[in-house]
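Have a look at the structure below, then the notes.
For clarity, every value in this text was computed on a predicted model and none was experimentally measured. Sequence positions, counted from 1, serve as the residue numbers for this chain.
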Amino acid sequence: MASPAPLPPAEADPGARLVLAEHLLACESAVACARAVVEWLARRHGAPAACVGPGDGPGASVCLASEGLTGAQQAALARAWDAPGSPLATFRTRPGARWLAPDALEGAAMPGGFFAVPLGRPGATAAALLMVGLPGPAVPEDVAWVASSAGPHLARQLASDARAPRRPEPDRLLRRVINAVSDPVLLTDTDGTLLFANGRAEALLVAGPDASPGRTRAVELNQRLFRETLAQGGTSVHRREVPLVDPLEGMDLLFELVTTPVLAPDGPSVVVSVLRNLTDLGRATQALGESYRQLRATEREARSERHRLDRVLDSVADPIILTDPAGGMVMMNDPAERLFAWPQVHVQGPEAEGAADEATLRRVRANDALFASFLANLLGPVNAGVSRWKSQLTLDDPATGSPVPMEAMANKVLGDGGELTGIVTVFHDRTEVLERARLLERVKEVSSELEARVQSATAELAEQNEKLRRQAIQLEQASAAKSQFLANMSHEFRTPLNAILGYTNMLLQGVSGEMTPPQRRNLTRIDSNGRHLLEVINEILDITRIEAGRMPLHLSDFGIPELLQEVMAEMDPIIARSKLTVDTRLDEALPGVWSDRQKVKQIVLNLLSNALKFTHEGGVHIAAEYQNATGTVAISVKDTGIGIDVSNQEKIFEDFQQVDSSPTRAYGGTGLGLSICRRLAAMLGGRVSLQSAPGQGSTFTLHFPRRARRT
Ligand code: ADP
């Protein structure tokens with residue numbers, strides 16, 4: 001079919017009428033003319049339009065061209081051409097355009113009504129009718145102009161078409177049917193020349209004279225693609241995909257082209273092509289593929305999540321069970337399986353093994369029953385609003401049969417809509433807790449037992465203490481009585497002893513006449529023993545007085561040098577007898593002291609007398625110094641005598657203690673001197689220290705504060 005060059009858009013060209021006129025001149029068929037007119041009007045006024053012609057005879061009228069009308073509307077307009085009673089039938093014989101209301105023509109609904117314009121030679125019956133959907137009743141100028149200029153041309157073409165040898169065309173019904181098909185359908189000859197196209201196919205492959213350049217280009221591209229695809233087909237039915245372009249929106253479209261060659265009995269062969277739009281299908285397939293991929297990915301993710309969850313659950317030491325809303329077990333971890341899952345039965349051993357398996361199954365069944373009744377509580381109507389349920393169950397270890405005290409905690413799992421989707425139950429073994437509680441109880445028992453024992457021991461101790469206190473008081477009283485007794489006795493001994501010594505002295509001095517040498521010797525012995533006894537009695541008296549607190553401190557200011565001079569003077573006869581050298585060395589900075597002079601002197605006298613007694617050769621060295629840092633005075637008596645072993649250095653300060661206390665000892669004495677010194681030094685706030693070694697002499701030192709404090 002020859003097609004004129006496409007029309008330029010009417011709006012963009014002020015000389016649109018001229019363009020249409022030229023276009024019409026180029027048209028070689030009535031259909032092309034009708035299409036040019038319809039498109040021109042539709043484009044120019046944005047209105048639906050159609051051109052209806054007579055066809056091959058009565059009842060065969062056709063819609064030569066249309067724009068903006070459905071296939072049904074086109075068919076209705078075509079029918080109205082010569083239908084009995086149709087207003088269009090009368091219009092054909094009357095010149096001039098008329099406006100018809102929307103309801104004037106059944107089935108040919110143009111919502112706002114339309115103009116019916118007869119087309120043909122002036123004065124003759126209309127060769128065709130032009131229908132334009134514009135509001136009336138005034139006839140638009142363009143419509144009137146088209147009628148006058150295109151009408152004669154169309155009439156000529158219709159006459160010439162009628163004279164021309166007939167091309168094979170589908171019959172009218174077929175054309176209607178094909179027009180009504182929603183897929184594009186085309187009829188071409190074997191060279192690919194378009195013989196017929198339904199509305200859908202025209203929209204893709206035909207551009208009218210007024211088509212925009214964009215549409216024209218799109219249509220040309222589509223025609224080329226279509227022809228190329230068509231040329232690939234043979235003489236058999238062919239299916240292939242053809243990509244086209246939507247001429248209106250420029251979108252890519254994908255069609256399936258099904259071509260069927262038809263061999264016409266009375267003419268050349270034609271090819272019927274049906275295009276099926278696969279674009280949406282392709283998109284849907286693509287979307288479906290994407291969904292499927294996503295589904296697979298989600299499924300994989302869910303599987304790995306489930307796997308991970310399984311591993312996590314299995315790694316939890318506590319048994320965990322997931323149940324569905326009806327209480328059916330959905331999932332459980334390994335620890336839960338050991339308690340609730342039916343073990344694999346191995347029927348391989350002797351009967352004893354079979355019996356053991358039976359027992360295991362019984363325990364599992366019992367556990368399951370306990371769990372089911374636990375869940376029933378949570379799922380019961382009473383607990384409808386409760387999301388968490390806790391209870392204590394005593395399960396059986398299926399393997400050993402030993403009881404397993406458990407705390408079960410069930411949580412409802414709710415869906416997005418708040419509906420129950422499952423229940424997660426976590427068990428916690430309470431064996432350890434119970435054992436700890438038992439141990440705690442035992443510890444409490446033991447501790448209260450212990451407390452009772454401690455209480456009784458304390459009471460006993462208190463009793464003992466009380467006894468001891470009483471005994472101490474008794475002892476104190478006894479000691480005081482003893483001291484008193486000793487003091488009294490010493491006093492009573494001393495008086496007659498002094499008298500004895502006085503008389504002995506008088507006798508030795510010859511007051512009662514001269515004595516024979518044996519008498520003098522015996523009397524001298526009496527005197528010597530008497531003095532020793534007096535010494536002992538005096539020392540005992542001192543101790544008892546100190547013990548009884550009857551030896552008070554008499555504090556005074558005195559100088560150490562004078563005191564030592566006095567000591568030396570008193571001891572002079574003994575020193576002379578001993579043949580030892582005795583010297584004194586005094587610290588130059590020796591200050592005066594405030595202490596009990598008599599007691600200091602008694603201590604120094606005692607230390608010096610001991611030094612002289614236990615030294616056979618060498619000498620005795622007396623030194624006195626003041627230790628500023630401690631505020632104490634130290635008077636030391638150092639000898640070159642026999643010395644004292646370390647093991648005895650503590651002992652000799654005790655009452656009646658001597659290094660040698662045997663009856664055959666070489667040195668006389670009572671063993672009371674040093675113990676009195678220790679007591680007196682303590683009264684002064686000081687002490688007596690000793691440095692000595694056997695055969696290397698001894699140094700006894702009195703340390704006492706320069707200024708004594710009255711206690
Ligand atoms: P007494 O001298 O009367 O035995 P003391 O209490 O004065 O009693 O001395 C106790 C003992 O300490 C003495 O018997 C003696 O064994 C020892 N002793 C005291 N002074 C010296 C000394 N300078 N050298 C060695 N031994 C001593």
**Asked** After noting the C-alpha distance and the side-chain angles of T323 and M331, does the key distance pass the side chain to side chain contact (heavy atoms under 4.5 Å, CB included) rule?
**Response** CA-CA 7 Å; T323 41; M331 198 175 88; over 6 Å; no

Is there side-chain contact between [X] and [Y], with heavy atoms separated by less than 4.5 Å?
X    : Y    : answer
D587 : V633 : no
V511 : L507 : no
R525 : R520 : no
F427 : I320 : no
N610 : F614 : yes
L339 : P398 : yes
M406 : Q392 : no
F340 : L395 : yes

Test item: [X] side-chain N/O and [Y] main-chain N/O as donor-acceptor pair under 3.5 Å:
X    : Y    : result
D397 : S402 : no
Q649 : I644 : yes
T495 : E492 : no
N648 : K651 : no
N367 : D396 : yes
S692 : G643 : no
D318 : H428 : no
R706 : V593 : no
S448 : E445 : yes
S578 : L580 : yes

Just checking, any donor-acceptor pair under 3.5 angstrom between side chains of [X] and [Y]?
X    : Y    : answer
T701 : S636 : no
Q519 : T516 : yes
T670 : E539 : yes
D583 : H621 : yes

Looking only at non-hydrogen atoms, find the nearest pair between [X] and [Y] and report the distance.
X    : Y    : result
I575 : M568 : CD1-O, 4.2 Å
T640 : G618 : OG1-CA, 3.3 Å
L501 : R531 : CD2-N, 3.7 Å
R388 : N411 : NE-OD1, 3.0 Å
A399 : R363 : O-NH1, 3.8 Å
A410 : T425 : CB-OG1, 3.7 Å

Separation between [atom1] of [X] and [atom2] of [Y], rounded to the nearest 0.5 Å:
X    : Y    : atom1 : atom2 : value
K638 : R585 : NZ    : CZ    : 10.0 Å
L702 : F700 : CG    : CZ    : 12.5 Å
L468 : L461 : CG    : CG    : 9.0 Å
N505 : I500 : CG    : CD1   : 13.5 Å
F493 : L533 : CZ    : CG    : 8.0 Å
L690 : L674 : CG    : CG    : 8.5 Å

Just wondering, are more than 12 heavy atoms of other shown residues or ligands nearer than 6.0 Å to [atom1] in [X]?
X    : atom1 : value
E650 : CD    : no
F653 : CZ    : yes
E476 : CD    : no

### Task
For the pair I423 and L322, evaluate side chain to side chain contact (heavy atoms under 4.5 Å, CB included) and give the outcome as yes or no after the intermediate values.
CA-CA 6 Å; I423 299 148; L322 176 63; over 6 Å; no

V620, V567, I560, I622 screened by side chain to side chain contact (heavy atoms under 4.5 Å, CB included) with T584, the one that passes:
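When V620, V567, I560, I622 are each tested with T584, the side chain to side chain contact (heavy atoms under 4.5 Å, CB included) holds only for I622.
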
Decide, yes or no, whether a salt bridge links [X] with [Y] under the criterion of side-chain N to carboxylate O below 4.0 Å.
X    : Y    : value
E570 : K601 : yes
R338 : D334 : no
E435 : R430 : no
E466 : R470 : yes
D542 : R545 : yes
E441 : R438 : no
D655 : R679 : yes
E432 : R436 : yes

_Full working for side chain to side chain contact (heavy atoms under 4.5 Å, CB included) between D596 and M683_ = CA-CA 9 Å; D596 188 322; M683 286 179 75; over 6 Å; no

Margin query: Could you walk me through whether D368 and M329 satisfy the side chain to side chain contact (heavy atoms under 4.5 Å, CB included) test, starting with their C-alpha distance in whole Å, then the side-chain angles of each, then the deciding distance to 0.1 Å, before giving a yes or no?
Written below: CA-CA 10 Å; D368 283 346; M329 291 201 191; 3.8 Å; yes

Practice prompt. Decide side chain to side chain donor-acceptor pair (under 3.5 Å) for Q627 and T632; before the verdict, give the C-alpha distance in whole Å, the side-chain angles of both, and the deciding distance to 0.1 Å.
Written response: CA-CA 5 Å; Q627 286 153 355; T632 54; 3.1 Å; yes

Residues at least two apart in sequence or cross-chain that pass ring-ring contact (aromatic ring centres under 6.0 Å, His included) with F558, listed by chain then number, are none

The side-chain hydrogen bond (donor to acceptor under 3.5 Å, both in side chains) partners of S373 (sequence neighbours excluded) come to none

